Amino acid sequence: MVMTAGVAALPAREIGAILLAIANFDAFDKDNDPYETHDCALLYVSDRQLFFKIDYYDRALMNLSPDASDPAVTIRVMTVMLPEEY
């Protein structure tokens with residue numbers, strides 16, 4: 001998991017609340033997960049809107065995974081960001 005500079009600059013307590021909200025997130029719908037892949041979503045934590053997305057890389061982290069569903073050839077990287085940083 002990585003976070004953008006905008007998220008990293010928030011107070012530690014707020015970052016903790018954000019990470020907890022993402023860990024518990026299961027409210028995927030057409031508005032926040034239009035492709036129904038459950039690998040990205042928009043959500044609110046308190047009054048702050050956030051975005052997270054998961055990218056699928058090959059084991060060397062050099063290219064996209066040849067098969068994102070196969071953990072033997074895939075490393076997943078979640079990025080947490082403010083929408084304006086996308």
Side-chain angles (χ1 to χ4, degrees):
M1 196 275 309
V2 297
M3 63 183 77
T4 59
V7 175
L10 298 172
R13 183 176 299 237
E14 192 169 348
I15 292 171
I18 289 166
L19 297 179
L20 184 62
I22 290 170
N24 291 319
F25 185 83
D26 66 356
F28 292 100
D29 61 33
K30 290 182 181 183
D31 291 330
N32 64 23
D33 185 24
Y35 302 108
E36 298 182 2
T37 55
H38 291 42
D39 61 1
C40 65
L42 288 167
L43 69 151
Y44 283 88
V45 178
S46 298
D47 291 333
R48 186 176 303 282
Q49 187 178 32
L50 294 144
F51 177 66
F52 71 83
K53 67 184 192 86
I54 300 171
D55 293 302
Y56 305 90
Y57 294 100
D58 64 11
R59 303 289 296 173
L61 295 171
M62 299 296 290
N63 298 295
L64 295 177
S65 172
D67 181 358
S69 67
D70 183 355
V73 297
T74 304
I75 294 178
R76 293 181 175 113
V77 177
M78 175 185 279
T79 304
V80 180
M81 66 190 82
L82 303 173
E84 60 268 22
E85 294 179 297
Y86 186 67

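Given the structure is predicted, the values throughout are model-derived calculations rather than measurements.
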Requested in this report: To the nearest 0.5 angstrom, please state how far the CG atom of L19 sits from the CD atom of E14.
Outcome: 11.0 Å

Report task. Apply the test side-chain contact (heavy atoms from CB on, under 4.5 Å) to residues D26 and H38: give CA-CA distance (whole Å), side-chain angles for both, the deciding distance (0.1 Å), then the verdict. Result -> CA-CA 9 Å; D26 66 356; H38 291 42; over 6 Å; no

Report task. Applying side-chain contact (heavy atoms from CB on, under 4.5 Å), run through L10 and M3 and close with a yes or a no. Result -> CA-CA 11 Å; L10 298 172; M3 63 183 77; over 6 Å; no

**Report entry** Test side-chain contact (heavy atoms from CB on, under 4.5 Å) applied to D58 and V73, step by step
**Finding:** CA-CA 6 Å; D58 64 11; V73 297; over 6 Å; no

Report task. Enter the distance from D70:CG to Y56:OH here, rounded to the nearest 0.5 Å. Result -> 13.0 Å

Report task. Any chance you could measure K53, atom NZ, to L42, atom CG, to the nearest 0.5 Å? Result -> 12.5 Å

Query raised in the report: So does E84 have more than 12 non-hydrogen atoms from other groups sitting under 6.0 Å from CD?
Result: yes

Query raised in the report: Where do V77 and V2 come nearest, in terms of heavy atoms and distance?
Result: CG1-CG2, 4.3 Å

Report task. For the pair L50 and L82, evaluate side-chain contact (heavy atoms from CB on, under 4.5 Å) and give the outcome as yes or no after the intermediate values. Result -> CA-CA 5 Å; L50 294 144; L82 303 173; 3.8 Å; yes

Query - Student check: side-chain heavy atoms of I22 and M1 closer than 4.5 Å - result: no

Requested in this report: Please name all residues satisfying side-chain contact (heavy atoms from CB on, under 4.5 Å) with N24, sequence neighbours left out, ordered by chain then number.
Outcome: L20

Query raised in the report: Any chain of hydrophobic side-chain contacts (each under 4.5 Å) joining M81 to I15?
Result: no

Query raised in the report: Minimum heavy-atom separation for D55 to Y57, with atom names?
Result: CB-CE1, 3.6 Å

Query - Atom of R59, atom of A72 and distance for their closest heavy-atom approach - result: CD-O, 3.4 Å

Query raised in the report: Counting distance only, does the side-chain N/O of E85 pair as donor-acceptor with the main-chain N or O of G6 below 3.5 Å?
Result: yes

Report task. Apply ring pair (Phe, Tyr, Trp, His ring centres under 6.0 Å) to Y86 and list each qualifying residue two or more places apart in sequence or on a separate chain. Result -> F51

Query raised in the report: Which heavy atom of C40 sits nearest a heavy atom of F28, and at what distance?
Result: O-CE2, 3.7 Å

Requested in this report: Ignoring hydrogens and angles, tell me if any N or O in the side chain of T74 forms a donor-acceptor pair with the backbone of D67 under 3.5 Å.
Outcome: yes

